[in-house]
Participant: 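The structure's right below; bear with me while I get my questions together.
The chain is numbered in sequence order, starting from 1. Everything numeric here is computed off the predicted structure, so don't read it as measured data.
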Amino acid sequence: MKWLIRILFLVVAAFGLVIGALLLMPGDKLATILAEQVKAQTGRELKLSGDVKLSFWPVLGMETGRVTFGNAPWAGSEPMLSAQRLAVGVDASALLSGDIRIKRVLADHPTLRLERSDGRGNWELHQPGNSSDTGASAQAVESRPVTLEQLELQNARLIYIENGAVSMEFADVDLSARWPDVTAPMEMQASMPVPGGNVKVNLNIPDLPAFSSGVVTPLELSLTAPGGGIQFSGRVNLAGEMDGKTTVTAKNTHKMLAAFGQGGVTVPEGLGRVANVSGQMTYTRDGRISLRKMVAVLDNNRLEGEADIQISDPPEITARLNAGDLDLSSVSGDDDTSSSGSEADGWSKATIDASSLALANGTIRLQANSISVPGMRFGKSDLTLNLDRSRAVLKMHPASLFSGHLNGQVVANNRNGLSVGGNLTADNIDINEALVTLGDIKRLSGTGSGHLEFLGVGQNEDQIMRSLSGKGNIEVGKGVISGVDLDRLMGRGGGSGGTTVFNSLTASFTMKDSDLNNDDLLMKLDNFRADGTGRIGLGARDIDYLFTPVALRANAAEGISVPVRIVGPWSGPSIKPDLTKVIEAAAEGKVKALEDDAKQKVFEKVGKELDTTVTDTGQIEDALKDKLEDEAKKSLLKLLGGD
């Protein structure tokens, strides 16, 4: 029995001496031994600096100063891991039974580079010379359970490299994770500073071993950021590809965009200053996002459809959307409603914010029951919006507007200052509704069709309207002009109470330097026609126009033609007969009357002399011929001795 006690004492003493030797060993010597062992087991270089401290029970641990851990031979030259300080601890008792229970991994200011190429990951460690091991030994290594009770990275820099290109990089990240049991989910929390606050991520992977081996596994993710957050529930693989239900909530889209590096972008009201977007989302490793069964609530607007997004700067979007009543009346982004729209004495000079044209590139197809935009309201419409580097082209096929239909396109270009233009064809438009909306002109009504090409340049309504150029034509069916009674002016009596009812109206026009000029207006009425020529000031909001009514042949004796001149501002033009034209016409009539009177007196004098009635010049000639014949007969009878 004594010898057994002695042997046990010698073993304990020897073990104690070994432990004591390790504890008393200089830090640099311990670092060298550890680096050699890591090199032998993984083939990677481990460099430790500063004092190396060891603990053995109940936690087998190590704490060191600055540390770097080499990368895989096929990966980049930068180390896979570097940190200013590192502490690692393993459950000693579990290790004796073959389990690897990591109690803690603490790293201060670490930089972690994860690289993947050709199906390989730089986090996969193989013992040199044994990369092709098979059989029981390899299975034994793989079967050892590894768990993690505490992982903490403070002020970390995380880099993910895919096939030699950096696909994700984050700085100043605080990260903690735990995986206490092989069958338990892996839980991770991360936080990083961004403009306006912090982004926080909570992540849950129910089956970490399957995920680590490359199998597609479930994932729950919650992200909160200044102004909003993202929720995801679905599946993910090791390459970061995802598929699942996604919800993006933005209580303040401006702050949320700034947090993700899109500061300075102003989202107009109606396009999602407050937003909630949900759908089935698929994300692929090339940065493409597909949204199906999407529902987007943007401020007070609701849209449904599908979209494909390529993550870039700016993002590329292809979408097909359906909406009910869509309110984009504040899309200009002007918060000062008092200065928006038309002013009493001219167009608004409030700056138009067109920065939203730079939010994205791509193509968006929209079908809606109605669309309200600044100053007007579309009915049921089918539109396609093409966005390309701050230039938007809106195609209508068709759009319902002013109780009719518009086909064609309008363009807004904000690449080098704002310009707007269009090429439109209108059918069955309510002329009164259109003129009141576009120019506050209330005197003309009817249903018409036409064509318009236009271009304007400027940063506000006033500049754009004063630079307008283009051309067009219009055809109106039966309609009414208020404030002008052509029947009364033409001397036909009663009239229609200060209005003119016409059967048709046609005109063509050109626009240059904000003036619309027309010289071929033709208006047809039951008994008259009216020609028109003049200028309409689109920038100055004034008019100088002359209507000239002409009696039809059947009514030539029922009155005099009285031209009407319309002069002054749109809000209250002067409408009155053109007296100059009336005087000229009257003077011509007086001359003709004098000529007729003189001619009548000549006829009477000649008739008296010739003893006959004369009413025209031809009768004078006949009467003279008859008189001469009669006188000749009388002379011949006297010569022959007759009576």
Side-chain angles (χ1 to χ4, degrees), residues 25-55 59-90 100 102-118 120-128 146 148-179 186 188-194 198-199 201 203 208 212 238-240:
M25 186 177 294
D28 56 348
K29 186 62 176 178
L30 280 174
T32 300
I33 294 173
L34 289 172
E36 291 174 351
Q37 290 299 312
V38 170
K39 177 74 172 179
Q41 295 296 321
T42 66
R44 309 278 186 94
E45 294 286 347
L46 176 66
K47 296 181 179 180
L48 304 172
S49 61
D51 292 337
V52 177
K53 299 177 182 179
L54 297 178
S55 63
V59 175
L60 179 62
M62 177 192 70
E63 184 175 344
T64 180
R66 181 170 179 79
V67 59
T68 60
F69 181 62
N71 217 331
W74 52 266
S77 59
E78 296 291 332
M80 175 182 168
L81 173 67
S82 64
Q84 294 184 5
R85 182 176 68 90
L86 180 66
V88 179
V90 179
I100 303 176
I102 301 174
K103 301 291 289 184
R104 68 177 184 272
V105 176
L106 308 177
D108 187 21
H109 288 84
T111 297
L112 178 63
R113 287 181 174 83
L114 300 179
E115 299 188 43
R116 189 172 182 84
S117 179
D118 299 327
R120 300 173 297 179
N122 67 339
W123 55 87
E124 299 172 356
L125 304 177
H126 301 284
Q127 188 174 358
V146 179
L148 175 65
E149 291 189 10
Q150 181 185 12
L151 168 67
E152 289 190 14
L153 305 180
Q154 298 176 352
N155 298 314
R157 181 185 177 201
L158 306 179
I159 304 171
Y160 183 76
I161 302 172
E162 184 81 17
N163 295 321
V166 176
S167 60
M168 289 185 290
E169 182 172 357
F170 305 100
D172 299 324
V173 177
D174 290 336
L175 183 147
S176 63
R178 63 188 302 271
W179 183 46
M186 193 277 285
M188 185 188 77
Q189 296 80 39
S191 175
M192 61 180 290
V194 295
N198 290 280
V199 168
V201 178
L203 182 146
L208 183 60
S212 301
L238 199 58

Participant: Counting only N and O atoms by type, is there a donor-acceptor contact under 3.5 Å from the side chain of Asp108 to the main-chain atoms of Gln84?
Facilitator: no

Participant: Can you check side-chain contact (heavy atoms from CB on, under 4.5 Å) on Asp174 and Asn155, steps first, answer last?
Facilitator: CA-CA 5 Å; Asp174 290 336; Asn155 298 314; 4.0 Å; yes

Participant: As an exercise, state the distance from CG of Leu46 to OG1 of Thr68, rounded to the nearest 0.5 Å.
Facilitator: 7.0 Å

Participant: Between Arg157 and Glu169, does any NZ, NE, NH1 or NH2 come within less than 4.0 Å of an OD or OE carboxylate oxygen?
Facilitator: yes

Participant: Please report the interatomic distance CZ(Arg66) to CG(Leu86), rounded to the nearest 0.5 Å.
Facilitator: 12.0 Å

Participant: Against Pro110, only a single residue in Val173, Val67, Leu81 fulfils side chain to side chain contact (heavy atoms under 4.5 Å, CB included); can you say which?
Facilitator: Leu81

Participant: Would you compute the distance between atom CD of Glu115 and atom OH of Tyr160 and round it to the nearest 0.5 angstrom?
Facilitator: 10.0 Å

Participant: Nearest 0.5 Å please: distance from the CD atom of Gln154 over to the CZ atom of Arg85.
Facilitator: 7.0 Å

Participant: Quick one, Asn122 and Ile161 - any side-chain contact, counting heavy atoms below 4.5 Å?
Facilitator: no

Participant: Would you say the side chain of Arg113 lies within less than 4.5 Å of the side chain of Met80, judging by non-hydrogen atoms?
Facilitator: no

Participant: So Met186 and Leu203, do their side chains get closer than 4.5 Å, heavy atoms only?
Facilitator: yes

Participant: Considering all heavy atoms of both residues, which atom of Trp74 and which atom of Ser117 are nearest to each other, and what is their separation?
Facilitator: CZ3-CB, 3.9 Å

Participant: Please round to the nearest 0.5 Å and tell me the distance separating atom OG of Ser191 and atom CG of Asp172.
Facilitator: 10.0 Å

Participant: Distance from Met188 atom CE to Leu175 atom CG, nearest 0.5 Å?
Facilitator: 5.0 Å

Participant: Is any side-chain heavy atom of Pro193 closer than 4.5 Å to one of Asn198?
Facilitator: yes

